[in-house]
2 protein chains.
Amino acid sequence: MLIQIEFQSDVPIYEQVTRQIIEGIARGEMKPGDTLPSVRSLAADLGVNMHTVNKSYHELEAKGIITIRPKSGAIICSTEERALTPEQLRQIEKNLKPVVAEGMVLGATAEQIEHMMKKVFADLQIPAEGV
Amino acid sequence: MLIQIEFQSDVPIYEQVTRQIIEGIARGEMKPGDTLPSVRSLAADLGVNMHTVNKSYHELEAKGIITIRPKSGAIICSTEERALTPEQLRQIEKNLKPVVAEGMVLGATAEQIEHMMKKVFADLQIPAEGV
DNA sequence: TATTTGTTATACAACTAATATAACAAATTT
DNA sequence: AAATTTGTTATATTAGTTGTATAACAAATA
């Protein structure tokens, strides 16, 4: 799985790593049970510091997406382990709200926004429906 | 229009102000042509510094949502003035992507995410369809 | 046994967020 | 015309974040 860092971006590097790993899992490029590269090797690949990758991994763990086994490695959680709690659903909705609101105020219609969402789904190659 | 700041939030204050003004416009609580309160008076109301509100207003101007008339005030742009450029559409899609991806990886189905989007639309009281 | 692993600690530079205070000049109100 | 309000600009300070750098530790692995 390829991770590409934009060093000029206003999105922090550790956040870019987190998002791209999430997208990689969504795309199916990485499956539950798979081991993430060690923080040292991924940091070397990306040309960033070890701690930056480590921060990303801990963010992923906090989100309930991976499990870090100390001195061993990071493993992608199974879908069963990822419970999708009401709290998580509320968080997703909270994240969705400002994006949708901004789109609306800028003049996007509900149809346009739904269309964009479908484009995002398609880009992330959902196994359901489309295939 | 009521703006509520969560001082313990990890979302910066100026960003909270920006988002809530956008949501206020989406809800129709503020209409195009309306004048925003002066940076000083809003800052006093919220109990924050003038510069914090000023930063928010300039963010709104950069997004093409308001026009700041120096020494006079900030006015909400009309829908005609808000062009909704392809660049803006791309930005919205870019903002939508990580939120949707995270939801999916956490185990949310496409239906659940679409349902959440409709909840957000309902919460923002879209004049179309629902009413 | 040697290497790799995540962890922890410390330090540093650059940047962001937020506040504080002040002064300026244009716009508005009285 | 005078007083007030306005956004602007400048400077300074405090606190926190981001990212890097280096090092050492102990457990896991080869």
Inset, instruction - Would you check if B:K31 and B:I76 make a side-chain contact, meaning some heavy-atom pair closer than 4.5 Å? - result: no

Inset, instruction - Look at the side chain of B:E102 and the backbone N and O of A:I22, then say whether any donor-acceptor pair between them is shorter than 3.5 Å. - result: no

Inset, instruction - Would you please say whether a donor-acceptor pair under 3.5 Å links the side chains of B:S56 and B:E59? - result: no

Inset, instruction - Quick one: pull up CD in A:Q91 and CD in A:Q88 and give me the separation to the nearest 0.5 Å. - result: 9.0 Å

Inset, instruction - Side-chain contact test, heavy atoms from C-beta onward, threshold under 4.5 Å: evaluate it for A:H58 versus A:E61 and give yes or no. - result: yes

Inset, instruction - For DNA chain C, find the residues of residues 29-45 of chain A with a heavy-atom distance under 4.0 Å and give them by number; none if there aren't any. - result: A:S38, A:V39, A:R40

Inset, instruction - Compare all side-chain heavy atoms of B:L42 with those of B:L36 and state whether any distance is below 4.5 angstrom. - result: no

Inset, instruction - Kindly calculate the angle separating the two end axes of the helix from C:dT1-D:dA30 to C:dT30-D:dA1, each obtained from five base pairs, and round it to 10 degrees. - result: 40°

Inset, instruction - Could you tell me from which nucleotide to which nucleotide of DNA chain C, 5' to 3', there is an atom under 4.0 Å from chain B heavy atoms? - result: C:dA17 to C:dT28

Inset, instruction - Just jot down the side chain to side chain contact (heavy atoms under 4.5 Å, CB included) partners of A:V99, sequence neighbours excluded, or say none. - result: B:I92, B:N95, B:L96

Legend entry - Any side-chain heavy-atom pair of A:K63 and B:V105 under 4.5 Å: no

Legend entry - For DNA chain C, the residues among residues 1-21 of chain A that have a non-hydrogen atom under 4.0 Å from it: none

Legend entry - Members of residues 49-57 of chain B that approach DNA chain C, where some heavy atom sits under 4.0 Å away: B:N49, B:H51, B:T52, B:K55

